[in-house]
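First the structure, in the form of structure tokens, and then the observations on it.
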Amino acid sequence: MKTRNSVADLPPERFLRMPHAEKGMTVGLFGGSFNPPHEAHLLMAETALARLRLDRLWWMVTPGNPLKQRAGATLAERIERSRALARHPCIEVTGFEASHNVRYSADTIALARARNPGVFFVWVMGADNLVQFHRWQRWREIAETVPISVLDRPGASMAAMNSVMAQTYERFRVDESDAAALARMPAPAWTFVHGPRSSQSSTRLRGEG
């Protein structure tokens, strides 16, 4: 019987390597458990690419979310399902966090920046995650290290704008009309991006809500 995080659960080695990025590129970091990945994830990724004018978006399938129970598909399965869904030529599905034993987003960002000097990174997240962002490990460090793009999600707009993070960094909010310049702005800087929305959620698809 295999155990979670055994070798059998891991994807092919190429998906455990950090994607390549050239100096001067703008890259969105879009992380999640993607258990399972769905159309709302893809919609957010494509919206971020277009509205932020990113060169690439790294679809980062995490080994596990510290704020969620670990259950369901293996990392390899979640990566394969993400690849089947996210076929945009500028989206790179990766599980590199697993090979570096990275658990927290702050460490992921630090690692990506250290390995890619001269690349402009922006954190991409849904409005529903902004509501609990202040519970993330070293959340202020994240906000003050990379710009953040918050994508609208059904039923989350008001709560997101009243969140601890939004209130704490209100004076650093960038108008949505300037979203295309966000990735090259010094942190802290964040914007709220409206656009097409989907009500799909991984919780609902797993039959838990």
Does the side chain of R83 come within less than 4.5 Å of E80's, by heavy atoms? yes
So if I apply the side chain to side chain contact (heavy atoms under 4.5 Å, CB included) rule between M60 and each of F96, F34, F30, which one comes out positive? F96
Is there a continuous path of hydrophobic side-chain contacts, each under 4.5 Å between heavy atoms, that joins V131 to M125? no
Heavy atoms of other groups near E13 CD, more than 12 under 6.0 Å: no
Check whether any side-chain heavy atom of R113 sits under 4.5 Å from a side-chain heavy atom of V146, and report yes or no. yes
Hey, could you give me the CZ/CG distance between R81 and N35, rounded to the nearest 0.5 Å? 7.5 Å
For the side chain of S82 and the backbone of P37, is there at least one donor-acceptor N/O pair under 3.5 Å apart? no
Take a 6.0 Å sphere around CZ of R184 and say whether it holds more than 12 heavy atoms from other residues, nucleotides or ligands. yes
Quick check: does any side chain N or O of R87 sit under 3.5 Å from a backbone N or O of A84, one acting as donor and the other as acceptor? yes
When you look at H134 and S163, which way does the side-chain contact (heavy atoms from CB on, under 4.5 Å) test go after all the steps? CA-CA 8 Å; H134 63 284; S163 67; 5.6 Å; no
Gap separating the CG atom of L10 from the OG1 atom of T74, nearest 0.5 angstrom: 8.5 Å
I would like to know whether L29 and I109 meet side-chain contact (heavy atoms from CB on, under 4.5 Å); could you show each step before the answer? CA-CA 8 Å; L29 300 177; I109 293 166; 4.2 Å; yes
For G95 and L16, the nearest pair of non-hydrogen atoms, with its separation, is O-CD2, 3.5 Å
Within the side chain of D55, is there an N or O that forms a donor-acceptor pair under 3.5 Å with the backbone of V27? no
Heavy-atom closest pair, residues D152 and H194: OD2-CD2, 3.5 Å
Hey, what do you get for CE (M165) to CZ (R140), rounding to the nearest 0.5 Å? 10.5 Å
Measuring from M185:CE to W190:CH2, what's the distance to the nearest 0.5 Å? 13.5 Å
Measuring from atom CZ of R153 to atom CG of L43, what distance do you get when rounded to the nearest 0.5 angstrom? 9.0 Å
Would you say the side-chain atoms of R103 pair up with the backbone N or O of P63, donor to acceptor, closer than 3.5 Å? no
Would you say the side chain of T191 lies within less than 4.5 Å of the side chain of R51, judging by non-hydrogen atoms? no
Heavy-atom closest pair (E144 atom, Y169 atom, distance to 0.1 Å) is OE2-OH, 2.6 Å
So, E97 versus T108: side-chain donor-acceptor pair below 3.5 Å or not? yes
Passes side-chain contact (heavy atoms from CB on, under 4.5 Å), T26 versus V122? Steps please. CA-CA 8 Å; T26 55; V122 56; over 6 Å; no
Do F133 and V150 have side chains that get closer than 4.5 Å, going by heavy atoms? no
Looking at every non-hydrogen atom in both residues, tell me the closest pair between P147 and A183 and how far apart they are. CG-O, 4.1 Å
Any chance you could lay out the side-chain contact (heavy atoms from CB on, under 4.5 Å) test for L111 and M18, step after step, and finish with the verdict? CA-CA 10 Å; L111 177 64; M18 186 178 294; 3.7 Å; yes
Which heavy atom of F192 sits nearest a heavy atom of A127, and at what distance? CE1-CB, 3.8 Å
When rounded to the nearest 0.5 Å, the distance separating CG of L85 from NE2 of H41 is 9.0 Å
Hey, does the side chain of H100 reach the backbone of V102 with a donor-acceptor pair shorter than 3.5 angstrom? no
Common cluster, F120/W59, ILVMFWY with side-chain heavy-atom separation under 4.5 Å: no
All heavy atoms of L54 vs all of L57, minimum pair found to be CD1-CD1, 4.3 Å
Are the side chains of V61 and F15 in contact, using a 4.5 Å heavy-atom criterion? no
